[in-house]
Student: 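Can you keep this structure in mind? I'll have questions shortly.
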Amino acid sequence: MDANGGLGDPSEICENERNMIVIQNIGQLAMPGGRVAGDGGQGSHCGVDVLRDAWLRIEGDRIASFGDGGAPATAAGDEIIDAGGKCVVPGLIDCHTHTVFAGSREGEFVKRIEGKSYAQIAEEGGGIKTSVKAVREASEDELVALALPRLNRMLAGGVTTVEIKSGYGLSAVDELKMLRAVKKLNQMQPVELVGTFLGAHTVPAEYTDRRDDYIDLACSDELMGCVAREGLAEFCDVFTERTAFTVDESRRILLKAKEYGLTPKLHADQITQIGASRLAAEVGAISADHLETIDDGGIDAMKEAGVIAVLLPGCSWFLGVEQAPARKIIDAGLPVALATDYNPGSSMVESLTLVMSIACTQMRMTPAECLVAVTTNAAAALNRADRIGTVAKGMQADLVILDVENYDQLPYNAGRNCVRRVIKGGRVVPLRS
Ligand code: NIG
Ligand code: FE
């Protein structure tokens with residue numbers, strides 16, 4: 001074996017295979033860096049540094065160098081990409097989704113318009129349980145086929161990493177089927193997928209009178225143990241809510257998950273305030289998501305424990321309910337990420353850039369805060385901040401070339417896809433939308 005582990009002399013690798021790309025003529029290179037904090041003292045560009053008239057060099061799957069003031073020296077074999085004087089941002093990261101699902105719930109959408117609430121629909125046996133029925137009836141390959149075009153559209157919208165939760169199976173076989181579909185999808189297309197086990201999404205109908213038995217199943221070696229052993233998920237999420245799991249039940253599930261090496265996340269403080277964000281702090285969750293009804297005690301506890309606040313403004317917008325108090329959370333100094341919560345019930349919202357627009361107009365988050373929230377802070381919420389989510393030497397080359405001049409114009413162009421090209425792991429990816 002040679003010094004290169006049997007791969008041959010690296011100097012013999014042809015230039016193409018080395019993947020040398022230079023992006024030139026970048027009007028604004030946006031480098032989100034810091035965590036969003038209202039008192040960060042960085043003015044309106046809180047957390048985002050910019051270079052104008054910039055270039056960036058990719059070698060292999062990494063960012064090798066970048067700079068401003070015209071073009072860098074290029075070498076033979078470099079692929080040159082002209083950004084046309086437009087803005088380049090890191091690949092966007094959607095850190096909370098339910099992208100694997102079957103069926104459609106537009107009937108509930110109409111019922112809400114007519115006056116029923118999301119919680120009422122759930123209490124009447126609809127909601128999550130409707131999607132559970134459809135997912136149980138679908139095969140793993142059918143789930144894959146349904147999710148693939150969704151991921152293609154997300155990629156075309158500049159999203160290069162997506163977290164996907166189980167939670168519509170609610171049996172060992174069906175939860176594992178969902179997460180195996182995620183694993184398969186990860187191998188089939190360019191978007192990097194991150195699995196989260198959400199066996200505790202709601203108590204399935206057949207366990208209504210014996211909820212403890214369902215929690216036993218969720219925590220069992222057959223289910224949670226198998227998820228961990230097969231590497232199907234990195235995180236374990238619980239919907240801690242009056243219509244789903246109590247704080248005590250959630251604690252039990254999340255502590256068990258930690259034993260299996262899964263990192264806790266919570267759907268917290270969405271509809272009612274039952275202490276879920278405090279539990280997130282107590283169990284050392286990486287993030288607490290939703291937070292529409294968070295109180296001061298929850299904010300303090302999360303800050304103390306370093307829990308990331310993942311806000312889901314597309315969900316409140318889609319349900320027509322009040323948004324999470326983003327300004328209060330940011331001004332308290334918590335790191336904030338934004339995600340779509342893409343799911344067929346509460347957030348049929350695929351577009352992370354539309355979510356940024358909603359966060360700007362409905363939550364008074366600045367475009368800079370939003371950009372940090374869908375890159376650096378979203379990467380942190382997925383335990384990937386050392387590899388993705390910003391522009392820095394040595395970071396993975398996940399980049400989006402926009403057709404707008406600066407990142408403020410990204411949420412400003414609400415509902416329009418401003419993405420021109422996407423680079424994932426150093427490779428320009430074909431876009432199918
Ligand atoms: O994040 N709140 C709980 N879970 C999802 C909704 C799931 C559904 O309604 O299908 C959410 O909003
Ligand atoms: Fe969710």
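Residue numbers run from 1 in the order of the sequence given. Below, all heavy atoms of this structure are taken into account, side chains as well, without hydrogens, waters or symmetry copies. Both ligands and their constituent atoms are indexed starting at 1 by order of listing.
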Student: Using a distance threshold of 2.8 Å, state whether an N, O or S atom of His290 lies below it from the Fe ion (ligand 2).
Tutor: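 For His290, the answer is no, given that no N, O or S atom comes within less than 2.8 Å of the Fe ion (ligand 2).
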Student: Could you list all the ring-ring contact (aromatic ring centres under 6.0 Å, His included) pairs where at least one residue sits in residues 284-306, not counting sequence neighbours?
Tutor: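 Qualifying pairs, neighbours excluded: His96-His290, His267-His290.
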Student: Please identify which atoms of ligand 1 are closer than 4.0 Å to at least one heavy atom of Ile128.
Tutor: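 Numbered from 1, ligand 1 contributes 7 (C), 8 (C), 9 (O), 10 (O).
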Student: I need the nearest protein heavy-atom contact for atom 2 (N) of ligand 1: residue, atom name and distance, please.
Tutor: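 Protein heavy atom at minimum distance: Gln270 OE1, 2.7 Å.
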Student: How wide is the angle at the Fe ion (ligand 2) spanned by His96 NE2 and His267 NE2, rounded to 10 degrees?
Tutor: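 Output for this angle: 90°, rounded to tens.
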Student: Check Phe101 against ligand 1 and report side chain, backbone, both or neither, counting heavy atoms closer than 4.0 Å.
Tutor: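 No part of Phe101 is near ligand 1 at this cut-off.
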Student: Of Met348, Glu108, His201, which has the heavy atom at the shortest distance from atom 5 (C) of ligand 1?
Tutor: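 Answer by nearest heavy atom: His201.
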Student: Please determine, by modelled atom types, if Asp269 and Ser277 share a side-chain donor-acceptor pair under 3.5 angstrom.
Tutor: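 Yes, a side-chain donor-acceptor pair sits under 3.5 Å.
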Student: Specify side chain, backbone, both or neither for Glu241, according to which of its non-hydrogen atoms lie closer than 4.0 Å to ligand 1.
Tutor: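 For Glu241, there is no contact with ligand 1 at all, from either part.
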Student: What verdict does the salt bridge (charged side-chain N to carboxylate O under 4.0 Å, His left out) test give for Lys177 and Glu175, after you've listed the backbone C-alpha separation in whole Å, the side-chain angles of each residue and the deciding distance to 0.1 Å?
Tutor: CA-CA 5 Å; Lys177 178 176 73 182; Glu175 283 293 300; over 6 Å; no
Student: When you measure from atom 12 (O) of ligand 1 to every protein heavy atom, which one gives the shortest distance, and what is it?
Tutor: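 Its nearest protein heavy-atom neighbour is Ser346 OG, 2.5 Å.
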Student: For salt bridge (charged side-chain N to carboxylate O under 4.0 Å, His left out), just list the numbers for Glu282 and Lys258, CA-CA rounded to whole Å, side-chain angles, deciding distance to a tenth of an Å, and then say yes or no.
Tutor: CA-CA 13 Å; Glu282 180 195 319; Lys258 282 172 86 168; over 6 Å; no
Student: Which heavy atom of the protein is the closest neighbour of atom 9 (O) of ligand 1, given with residue, atom name and distance?
Tutor: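 Residue, atom and distance for the closest contact: Tyr118 OH, 2.4 Å.
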Student: Which donor-acceptor pairs under 3.5 Å do the side chains of residues 307-326 make with protein atoms, sequence neighbours left out?
Tutor:
residue	atom	partner	partner atom	Å
Ser316	OG	Glu292	OE2	3.3
Ser316	OG	Glu322	O	3.4
Gln323	NE2	Pro313	O	3.1

Student: Considering only protein heavy atoms, which is closest to atom 11 (C) of ligand 1, and at what distance to one decimal place?
Tutor: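 Going atom by atom, the protein heavy atom closest to atom 11 (C) of ligand 1 ends up being Asp341 OD2, 3.1 Å.
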Student: Would Lys184 and Glu140 satisfy salt bridge (charged side-chain N to carboxylate O under 4.0 Å, His left out), going step by step from the backbone distance to the final call?
Tutor: CA-CA 9 Å; Lys184 210 176 254 182; Glu140 184 181 312; 3.2 Å; yes
Student: For ligand 1, which atoms have a heavy atom of Tyr168 less than 4.0 angstrom away?
Tutor: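 Taking each heavy atom of Tyr168 in turn, ligand 1 has 7 (C), 8 (C), 10 (O) under 4.0 Å.
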Student: Using a strict 4.0 Å cut-off to heavy atoms of His267, name the atoms of ligand 1 that fall inside it.
Tutor: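 Counting from 1, the qualifying ligand atoms are 1 (O), 2 (N), 3 (C), 4 (N), 11 (C).
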Student: Has Arg252 got its NZ or CZ under 6.0 Å from the middle of the six-membered ring of Phe245, at an angle within 45 degrees of the ring axis?
Tutor: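 Output no; distance or angle outside limits.
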Student: Quick check, are the ring centers of Tyr342 and His98 under 6.0 angstrom apart?
Tutor: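 Judged by ring-centre distance (under 6.0 Å), Tyr342 and His98 do not meet the cut-off.
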Student: Only heavy atoms of His96, strictly under 4.0 Å: list the atoms of ligand 1 that pass.
Tutor: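 Those of ligand 1 that fall under 4.0 Å from His96 are 1 (O).
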Student: Given the ring of Tyr207, does Arg210 sit roughly above its face, with NZ or CZ under 6.0 Å from the centre of the six-membered ring and within 45° of the axis?
Tutor: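 Yes; both conditions hold, so Arg210 lies above the ring face of Tyr207.
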Student: For the Fe ion (ligand 2), find the closest N/O/S atom belonging to Asp341 and write down its atom name.
Tutor: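 When I compare the N, O and S atoms of Asp341, OD1 is nearest to the Fe ion (ligand 2).
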